[in-house]
Each structure stands twice: as C-alpha cells, then as structure tokens.
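The block underneath contains the structure these notes are about, expressed in structure tokens.
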Amino acid sequence: MAEYSKEEIRRIEQKWQEKWEKDGVYKVETDPSRPKYYVLDMFPYPSGAGLHVGHPLGYIASDIVARYKRLKGFNVLHPMGFDAFGLPAEQYAIQTGQHPAITTAKNIETYKRQLRQIGFSYDWSREVQTCDPQYYKWTQWIFMQLFNAWYNLSVVDNSKNSIVGKTEPIQTLIDVLEKEGNKNVKAACNEDTPVITAEQWKAFNEKEKEIFLQHYRIAYQSETMVNWCAALGTVLSNDEVKDGVSERGGYPVERIKMLQWSMRISAYAERLLNGLDTIHWPEPVKEMQRNWIGKSVGCELQFTINNSQLTIDVFTTRIDTIFGVTFMVLAPEHELVSQITTAEQKEEVEKYVEVAKNRSERERMSEVKRISGAFTGAYAINPFNGAKIPVWIADYVLAGYGTGAVMAVPSSDTRDYAFAKHFNLPIINVLEGPTSDITKDNFEPKSGSMINSDFLNGLDWKTAIEKALEKVEQLGIGQRKVNFRMRDAIFGRQRYWGEPFPVYYKDGIPKLVEEKDLPITLPEIDEYKPTESGEPPLARAKDWGYRPHPQPGTRNPEPVYPFELTTMPGWAGSSWYWFRYMDSKNNSEFVGKEAEQYWKDVDLYMGGSEHATGHLLYSRFWCKALKDLGYVQAEEPFKKLINQGHIQGMSKFVYRINGTNKFVSSNLKKDYDVTALHADVNLVDNDTLNIEAFKKWRPDFADAEFILENGKYICGSEVEKMSKSKHNVVNPDDIVSNYGADTLRLYEMFLGPLELSKPWNTNGIDGVFKFLRKFWNLFHDAQGNIIVSDAEPTRDELKILHKTLKKVEQDINNFSFNTTISEFMICVNELTSLKCNKRAVLEPLVIALSPYAPHTAEELWQKLGHAETILKASFPQYNEEYLKESSFEYPISINGRVRTKMEFALDMPKEDIEKTVLASEIISKWTEGKPPKKVIVVPGKIVNVVL
RNA sequence: GCGGAUGUGGCGUAAUUGGUAGCCGCGCCAGACUUAGGAUCUGGUGCCGCGAGGCGUGGGGGUUCGAGUCCCUCCAUCCGCACCA
C-alpha cells in the first residue's frame, strides 16, 4: 500500500532527506567544463524565535531555481549560512550572563533543523557563520586591505572615457608624497586635507604621518556625531532614540562627537550610481540607491561677510536664481556662527544653537511644519549685485550636507519661502511664467523665464544656469561642483558581540596587527556591558593586548599594546560573504583564485527590500574595492536581484465581555461592552474557534463561557506583523508535520506573486495537497500499486504535456511560480480525466515538478525504475510541434460586447470569416438586417462587428 | 513633505503585443458514495434579473472598432526616507 497519506509522506520525506545527505548530492565543486550558476539567499540572522512561515518564501523560490538550473545542466552553487553577530544575542547576554556564542549556536541549530526538513538543496559543506573566527579572520583581513588603501581619482576608465578612480594600496600614495607632496594628488579624501610638500611630509614624525594618511585611507577614523546615552554607557542608533531619550529605559541622549572608524564609501559614489545601470535589480531598489547616493550637479561659491574678511561657502543647484537671494541661512552647527554673530544677537543665537544641537535629524524631519531660526546680526554680500543680505541660522539647513550653508531664494524654494514668510523677509521673483509663482498650487520651480536678473533675463533656467556658472568662474568666486548626499559610513559599535578590529594603539597611533596573527579573537569578559567609565565592553578583557613581532635585527621584544576596543558593525561580515561560499574552507585566502575565477558573482540574489540601502550598498562598495585591489574580478556582486514580499500575520481575536470570563462571538459583540484579546491562530480554523483547545491554552480560560452564533464561536481578524506577542505566528514545522514539506513548498509559491506582501492564511493549503495526491494517483491503482503503462501517448496527451512544459519553463524564467503551480494543476486535472498513466507523459512531468516538490518527485522517479537521483535528470524540452492548432474558436462581438462564438480554420481568409459571421442567425438578430459600419477581424483573436 | 508600490468575485489570485475579465485554488451550494468523516467523487458558483438582458477590474474623464492593460485626474491602503539647498 502506498497511498499519499500523512504517514507515507513523512516516510518519503525522511527517507530522501537522509539519503540526499548521506550521498552528498548537493555538494558542488568548481567544474570549468560546465556553465556555473550561483543562487544565493540573503544571509539570515538566527533569531531566538526560529523560522516562521514567512522566512522560507524566498528560500523556496530560490531553491526551485537552483534545482531547475541543475536540470538544465548548470553547475549550481546554492549555499546557506548565518549572519550571526548581532544585537539581540548581545542584549540577551547582558540580561542573562549567557555568552552570546552559546545562544547564537543554539539558534543556528534550530534554524538548520527547520531548514533541513523543508528539503532545500543547500550545499551545507560550505556553510559559514560570521561569528566563527575562521570566518571573521578574513573580515579582519579585508578591513586591513581597506585601511591600507586610498582612492585615486586620477585613474581614467578608458571604456567609459570618464574619471571614476580606483582603489590603490596606500603605498602608492606614500610614494607620491615622498616625491612631490600632495599638490597633484587627486583623491577621495577629507574636506580639510591640507596641501603639503614632500619636505613637509618627510619632516612629519610617525604620528603626524598617520594622521595625515587618515585623510585618505578607505578605512579611517574620524570625529562623527553620535547619539550618546550616558546612562547606558553606549551609542544608540537613530531608531533607538525617541523624543530625545533612549527607547529602552528612557534615559537622556546627547548628540556628541566621537572618534569612530568610518568607511570612505563616498569615494565610490559615482561608480555605485553608474553600476546600477548594469544590473538587473527591481527598479524601486535602484531608485532608493540613487536617492541615497543623491548626486546633484551645481556650483559652490563664496559670499563675503560685510565689513569682514570672512567668507561663507554655499552650494547651490540653482545658481540661475542668484538674483533672487534675499537672505542666507547657516546650519546651527556651522563653524562661522560664533564668529559672525553680533553682540546684540549673541544671546538669541546661542539659545537657538543649544536647542537645535540636541534635536536629532529624525526629529527635525518629523517637524517639517515648525519653522524656527535666529538672526545672527551679520550681513553677507551677493557677489553678483553687491546686495546686502541678512545671515540667519536655522535647523532646516543641515551641517552634514553640502557646505552647511544655503543662499536662500524664497521665490523658488518652498522651504526658503516658508522661512521668509515666517520671519517677514523680502521675496524677489526671478522667474516668470504660468507655473512660476510660488504662492500658487501649480508651482513648478523649474519653469518660466528669468526676470529681475540682469544679464540672465529672458533665459530659461537651464540656459541661465550655464550662463551664471560661466560668470562665477570668470569672477573667480566659485566653481562647478558635483555634490553627493551620501556620507561615509560609520564602521564600528561600542559593543561586544562583533568582530574585533585587527588594530592596536602604539603611542596613540592606530596600527594594524600582522597578517599572520589573524584572527584576533574575541576575548572572554565577565559581563557584556560597558565599563563604569563608559568604555566599550572589550575594556573588561584581562591581559588582552598585542605584542608586535620584533623588527628584524632588533633584540628587545616589543611591549604589549592595547587593542582597539570597539567592534565592527553588523554589516562587516555580510559585505563579502558571497565570496567566502565560493571557497569556504580556504585557510590561506579569503577566496582562492581558481574558485573566484569560476564562480565570479551571484547570478540570482533573493531577499527582502529592507536591505535596499544598507547591505546592498555596502556589499557593492566592498566588491568594487576588492576588485580594484586585484582580489576579485566582479565589479558588481549581484547580477540579478529579486525581492520577495513579506508574509504578514493574520491575528485572531476573541471578545471578552468586560468584567466576566464570558466570550461573545464576533458578529454579536456589538451588543456588549467587550475587550478584544489575541487568540492563538493555531486554535482557530477558518475563523471558528476551537473552544476546547482554547480553554486548555491558558489556565485563566479553563472555565470560560461562550456566546455562540449558529453553534460556533467566530473570531475577528486583523493583519499585523507576524510575531510571538500577537499569537499569530505560524510555524513551518506544523505545516510540514501536517501536510509535508512538498505541500508547504507548493503552497507558499501558490499564494501569489513572489514580490507581493500578503498575510498568511493556511486555509487554501488543502488545494495544493489534493493536487499532489492526484498527481501521485496518476501513477498508482486504487490499491496503491504503481501502474505505469508503456503505451504510445495520444496526440491529446502529448499536447497537454508539452503545453505544461512550455508554461513551466516560461514561468520559471519570469520567476512567476504561482502560475506554474496552476498550470501543473490544470495538467493533472486533464490527465486524470483522460485516465492517462503512460510513462512517456508522466516521466517528463515528474522531472518538471521535481524542483517544486522534490521528495514526492524523487520517490516517483525511483518507482519508475531509476536507480540514480532525479537531480541528475535533464529538464524535458517542450516541442512546439504538439501545440499547433488548426482552428480557433473566435469570440464574435458586437460593438465590443461578445455575443457568440464561432469556430474557423486559422488559415481562413478574413473576408470569408466576415461573410460567415454576418450571415449567421445570431449576428443578424443584432444587426436587424442593416449593414454594419465596420467589421474587424483579427486572425486568431477576435471578430468585432460595429453597428 | 518627498520617493516607491498596490487597488480585479466572499477570499488568495489569473489574464503574450490593447483582443472572450475572473484561469487555478479556497470557501459556499446541490448531488453521489459511504464503515457518517473536517474523507472521496460529480455538477454549480462575479453581481442584479423569472427571463430577454443589464451591470461589472478603487471613483471620474479620455484615446480606440475594442481598455484590467494606454493617457489625465481624484481617492484609499501599504512601504521607504537623511527638510539635501
């Protein structure tokens, strides 16, 4: 007996999972004789809650592609691993004292067990975990390369004929400094980099040299603004701060400057932008990255302060509106503020700066409508017309963007306009046209022609910008400038559970450890909290320091120096992991040359869109840096990206009558005063509460009473995030034990388009389960014996087969998995009604279905008499020959409304079709004998009679 | 405020280039079988109407012989964001 029963499914799935693992069928090696295909899922963070039903959505889709590509003859790399450093484990460690490595390892075990039983084709022998010293050894190594690198902008990309620059070893910069100083160096560097001569360079001591080089290094230290929470002794991210206090605990948060490691991602801005045009990513993700990079082309120019030597630099994209400048605004943090403020305004300005300083950017953003500012008392001179304009400070101008100062043109910028209105400042119109009036709803800032603008009058904005730019350069008061809004990325955390830096301090100078000393492993500490004095947790480590190897020729051992105490941020380990999978066991390189040459980049990357500007940008950055330094060949790491949607939870509610332990069914609740409580979704079937299970669920419900409708208790529902606290988590384990992994896989794909977000609802799962059983039954008689015939298939059967194969192949190439399942269902329905059990039809179908339902397919494959795994089969090629039709049933419509259908040969001339249609009884009923105005015949599509 | 997306039966959804709206599945209705079950099988199922027929893809308008699909406009929901000069 072999019914497709719960027991049989469990037996089949376990049997094959064990066999696949034993035989190592998913192990993959470089094989230059075959084309490669690299399918990657985004690195999961192993949370303590385990997998819920939403997680596998993307994994199933990518696994289907991986299996399909194998059947198409590709050598497929499909690995899995864990992004295992992270705050939740650290938070848990702080609370319980349990080492984060232990909880992390436990969580990973849970994840792996859950993943295994869904039947993914991962090559687990390549698994990586970012918290494994054998892995983070190479994260540290890459950091060292980036520390030892700078970005040379004088390297021209010949293929694009543009300056994009290149990452180079820092030594090439040092060589230039030795020879001629930095006067000719074109590099991505800090704004405040001084110009020095070779002599000055040579005269620098070791510390001065290092400080100077930090202006250029890709990994460098800088003072950055952070949210410092003294009570917690740590730095908080923007979303850990709410209303100026810490979200956890509600302690005050201050914005202070702190010396931190940063990554000079801004050097790559242009390449990160251009590269987007070369990769197949969802347009919204590309757009988000473009916005994040935020390239704007404009002009930087100087305004002098009246009666002073001081000048203020401003950046503007609308130099054409220069004659409309009526005031100037500096960021409250701007360094000139204290110098230009007059005595009368001092008090007001200082008060304003004090308030503005501690307002986070997020706060400033959420209060767009609140206009605030203060007058400094100083005036600047418009270099174009000598006009004296007041200088204000306001927090709508950000210190971190451009120069931290704007020339305000209230007639063409809505924020400047609002500011001018609020403080009664003058407004000069410089553009005239139907949509050029800022006070009107249809205001379009780039419209109309220039007025009140001297030599620019009459021009459109574009021409005026060009003309004004020429003037600026001619006057020598500024230059064209491309500005990026992307800032360098902070690379560090004041935390324990992350990669230690391979950095120690000698006389306050950061120095790299030697490569042979890697990895620098995390030391054991007594508690995972910051120290009393506010130092990071690593300061608690005892006897933790670095003793450099003695220089050749010296005898005395070096003393022990202190290590860097911060750790790397969450994105360090995930910014290069796809390379490690190519060669995860390599002890001498982060990826071996041969493996890297073969696998090169990721062909399909599957993951959520929440990583659009974080992980996906950093990964592209590191990939480019590693390429420039000659370690890898890919300019872009991920050729094709797909964002799977999010599965939300469907929360279920029961309604307790206040002050009682009585629950009223959803549709009757309006007559009572009730409180809605979350009921566990696993106690609810199709909105009907399982009352007995509910009573057992929690002791306080044990003697609950119920007011029913039609004998049932109906729950209310609401879409919410899937989370433990809302009791709406559906665990894939439960689905697997009820229906099997194959049904779960099929159902997740059947739910709808992969990219769409939707609430999980198990209700429809019977449909795909029945489909699998019907498919199974095609191979079996009523007693469960396999019966497959070797008879020749009929033309109808072949048509069904090839129609299905064609659709399956088309859909998978469009990543449209839901429609594939529908097509399989149609196919099985048709074959069932034909009672087809012919090998020639069923065998190709088993192969085609195997990426979706691998266990069932493998079992049937074996029953069909194959000794070798179905993974080694070839995907059956459909034959167009069987799909040809000789006739078509035309819908016949009158004025676009279908009235009847008529069958005609596909090669029948239009005129004949028209004649036959008009002669037909049904149509003449509508035409009432009158000749139609027009008859449209589209061969193979439709006939439309226009009356 | 800016940017992105989405709106189709009771529900999840489907619909090459504009060419039969609602495939497939759930649910529901009716029937068959039966060791009475939340099993299986068969048929039906967008809405209104007895019917002929009419109405229908968030609302309104447009282009077209023909619009879910193209254009304009409005509305709703969801997601992202760093007031970017």
Side-chain angles (χ1 to χ4, degrees), chain A residues 238 282-288 290-292 294-296 298 314-319 321 329 331 360-362 364-371 394-398 400-409 412-416 418-419 483-487 609-610 612-613 645-646 648 685-688 719 746-747 750-753 755-771 773 810 814 816 818-827 829 889-901 932-938 940-947:
Chain A
N238 279 342
E283 210 41 58
V285 175
K286 288 192 189 184
E287 200 53 35
M288 274 192 240
R290 286 193 192 103
N291 285 338
W292 192 271
K295 180 179 181 176
S296 50
V314 300
F315 174 75
T316 179
T317 54
R318 295 298 306 274
I319 187 68
T321 62
V329 187
S360 69
E361 281 169 11
R362 193 155 288 204
R364 289 188 187 185
M365 191 182 29
S366 58
E367 290 172 30
V368 176
K369 290 276 140 66
R370 206 177 85 185
I371 295 162
D395 65 5
Y396 80 90
V397 175
L398 303 177
Y401 181 73
T403 60
V406 303
M407 52 175 236
V409 185
S412 74
D413 181 288
T414 48
R415 285 157 308 164
D416 295 346
F419 194 81
N483 220 4
F484 291 96
R485 104 184 146 171
M486 181 166 65
R487 303 170 198 164
S609 58
E610 66 272 20
T613 49
H646 286 272
Q648 293 135 315
D685 182 32
N686 240 342
D687 290 344
T688 307
V719 175
L746 244 39
Y747 186 56
F750 187 66
L751 279 176
E755 323 78 60
L756 237 64
S757 290
K758 52 192 133 351
W760 176 268
N761 189 340
T762 313
N763 284 348
I765 199 165
D766 278 341
V768 291
F769 178 74
K770 282 186 207 162
F771 154 72
R773 188 172 51 201
Q810 273 175 354
N814 293 325
S816 173
N818 54 326
T819 51
T820 307
I821 314 282
S822 295
E823 189 63 29
F824 273 124
M825 287 174 169
I826 294 167
C827 171
N829 288 346
E889 194 182 38
Y890 283 83
I892 314 295
S893 54
I894 310 238
N895 288 338
R897 205 85 189 148
V898 177
R899 296 300 173 186
T900 186
K901 284 175 189 173
K933 274 195 197 132
K934 206 172 181 181
V935 178
I936 285 136
V937 179
V938 185
K941 293 272 192 219
I942 200 167
V943 177
N944 193 13
V945 179
V946 186
L947 295 179

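Residue numbers start from 1 in every chain, and the chains themselves are labelled A, B, ... in the order their sequence lines are given, proteins ahead of strands. Note that the coordinates shown come from a computational prediction; the quantities given were computed from them, not determined experimentally.
- Residue whose closest nucleotide on RNA chain B sits further toward the 5' end, between P284(A) and T613(A): P284(A).
- Of the candidate nucleotides G80(B), C83(B), C24(B), G80(B) has the atom lying nearest to any side-chain atom of M288(A).
- In terms of heavy atoms, H646(A) sits closest to S757(A) at N-OG, 2.9 Å.
- P753(A) comes within 4.0 angstrom of the backbone, heavy atoms only, and of no base.
- Heavy atoms only, all atoms of each residue included: G940(A) and Y890(A) are closest at N-OH, 2.8 Å.
- Using atom P as the reference point in both C70(B) and U57(B), the two lie 15 Å apart (nearest Å).
- Note: R899(A) CZ to I894(A) CD1 = 7.0 Å, rounded to the nearest 0.5 Å.
- How far NZ of K933(A) is from CG of N895(A): 8.0 Å, rounded to the nearest 0.5 Å.
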Between the protein and nucleotides 51-55 of chain B, which nitrogen or oxygen pairs come in under 3.5 angstrom?
from   : atom 1 : to      : atom 2 : distance (Å)
G54(B) : OP2    : R899(A) : NH1    : 3.1

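- Between F771(A) and F824(A), the ring planes lie tilted relative to each other; the angle falls in the 30° to 60° range.
- Comparing the P positions of A76(B) and G59(B) gives an interatomic distance of 15 Å, to the nearest angstrom.
- Of the candidates T900(A), V898(A), N944(A), V937(A), I892(A) forms a side-chain contact (heavy atoms from CB on, under 4.5 Å) with just one, namely T900(A).
- Proximity of N763(A) to the phosphate of G25(B): no side-chain N or O atom is located under 4.0 Å from OP1 or OP2.
- G19(B) atom C1' lies 15 Å from atom CD of E889(A), rounded to whole Å.
- Residue M407(A) comes nearest to R318(A) through the heavy atom pair CE-O, 3.8 Å, listed as atom of the first residue, atom of the second, then distance.
- The nearest whole Å value for the distance from the CD atom in E283(A) to the P atom in G4(B) is 10 Å.
- Between the side chain of S893(A) and the main chain of V943(A), a donor-acceptor pair closer than 3.5 Å is present.
- With rounding to the nearest 0.5 angstrom, the OG1 atom of T819(A) is 10.5 Å from the CZ atom of F750(A).
- By the side chain to side chain donor-acceptor pair (under 3.5 Å) test, T414(A) is found to be paired with no residue, residues two or more places apart in sequence or in another chain being considered.
- Using a 4.5 Å heavy-atom threshold, the side chains of E823(A) and T820(A) count as separate.
- Residue-to-nucleotide contacts include a donor-acceptor pair under 3.5 Å from the side chain of K901(A) to the base of U20(B).
- At a threshold of 4.0 angstrom between heavy atoms, the contacts of N483(A) with the nucleic acid are absent.
- Nearest-nucleotide mapping onto RNA chain B: of G404(A) and S816(A), the residue sitting toward the 5' end is S816(A).
- Atom pair Y396(A):OH and C2(B):C1' shows a separation of 17 Å (rounding to whole Å applied).
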Query raised in the report: Does the pair R415(A) and I371(A) meet the rule for a side-chain contact (heavy atoms from CB on, under 4.5 Å), with working shown?
Result: CA-CA 9 Å; R415(A) 285 157 308 164; I371(A) 295 162; over 6 Å; no
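- At a threshold of 4.5 Å between non-hydrogen side-chain atoms, the residues D416(A) and Y396(A) count as touching.
- RNA chain B contains the following stems of three or more consecutive Watson-Crick or G-U pairs, with both distances under 3.5 Å: B:1-7 with B:75-81, B:10-12 with B:24-26, B:27-32 with B:40-45, B:46-48 with B:53-55, B:58-62 with B:70-74.
- The interatomic distance linking K286(A) (NZ) with G80(B) (C1') rounds to 18 Å, in whole Å.
- Here the C1' atom of nucleotide A14(B) and the CD atom of Q810(A) are 15 Å apart, to the nearest Å.
- Note on R290(A): nothing from the nucleic acid sits closer than 4.0 angstrom, heavy atoms only.
- Separating the C1' atom of G7(B) from that of C74(B) is a span of 14 Å, rounded to the nearest Å.
- Residue R487(A) has its side chain nearest to C84(B) when only C83(B), C84(B), A85(B) are considered.
- In this structure, N291(A) places its CG atom 13 Å from P of C83(B), rounding to the nearest Å.
- Qualifying side chain to side chain contact (heavy atoms under 4.5 Å, CB included) partners for A405(A), counting only residues two or more places apart in sequence or in other chains: I312(A), V314(A), L330(A), H334(A), T403(A).
- Of all non-hydrogen atoms in P891(A) and K901(A), the two that sit nearest each other are CA-CG, 4.0 Å.
- Candidate nucleotides A82(B), A21(B), A85(B) were compared by shortest atom distance to the side chain of S296(A), and A85(B) ranks first.
- The gap from the P atom of G22(B) to that of U16(B) amounts to 13 Å, rounded to the nearest Å.
- With A15(B), U40(B), C24(B) as the candidates, the nucleotide lying closest to the side chain of K770(A) is U40(B).
- G61(B) and C50(B): their P atoms are spaced 29 Å apart (whole Å).
- Atom NZ in K770(A) sits 10.0 Å away from atom CE in M825(A) (nearest 0.5 Å).
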Requested in this report: Just do the side-chain contact (heavy atoms from CB on, under 4.5 Å) check on L751(A) and K758(A) with the steps written out, would you?
Outcome: CA-CA 9 Å; L751(A) 279 176; K758(A) 52 192 133 351; 3.9 Å; yes
Which protein N or O atoms sit under 3.5 Å from an N or O of nucleotides 63-71 of chain B?
from   : atom 1 : to      : atom 2 : distance (Å)
C65(B) : O2'    : N944(A) : ND2    : 3.1
C65(B) : O2     : N944(A) : ND2    : 2.8

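- A distance of about 40 Å separates the C1' atoms of C2(B) and C55(B), rounded to the whole Å.
- Taking every side-chain heavy atom of I942(A) into account, G19(B) is the closest of G19(B), C24(B), A85(B).
- Picking from C83(B), G27(B), G4(B) the nucleotide with the shortest atom distance to the side chain of E287(A) gives G4(B).
- Each of G4(B), U20(B), A14(B) was ranked by its minimum atom distance to the side chain of V898(A); first place goes to U20(B).
- A distance of about 39 Å separates the C1' atoms of C71(B) and G27(B), rounded to the whole Å.
- For the P atoms, the distance linking A52(B) with C33(B) amounts to 33 Å, nearest Å.
- Nucleotide G9(B) carries a syn base; the chi torsion (O4'-C1'-N9-C4 or O4'-C1'-N1-C2) is within 90° of 0.
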Got a list of protein N/O to nucleotides 9-12 of chain B N/O distances below 3.5 Å?
from   : atom 1 : to      : atom 2 : distance (Å)
G12(B) : O2'    : L751(A) : O      : 2.5

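- Distance, W292(A) CH2 to G4(B) C1': 15 Å, rounded to whole Å.
- The separation between L398(A) atom CG and C2(B) atom C1' is 14 Å, rounded to whole Å.
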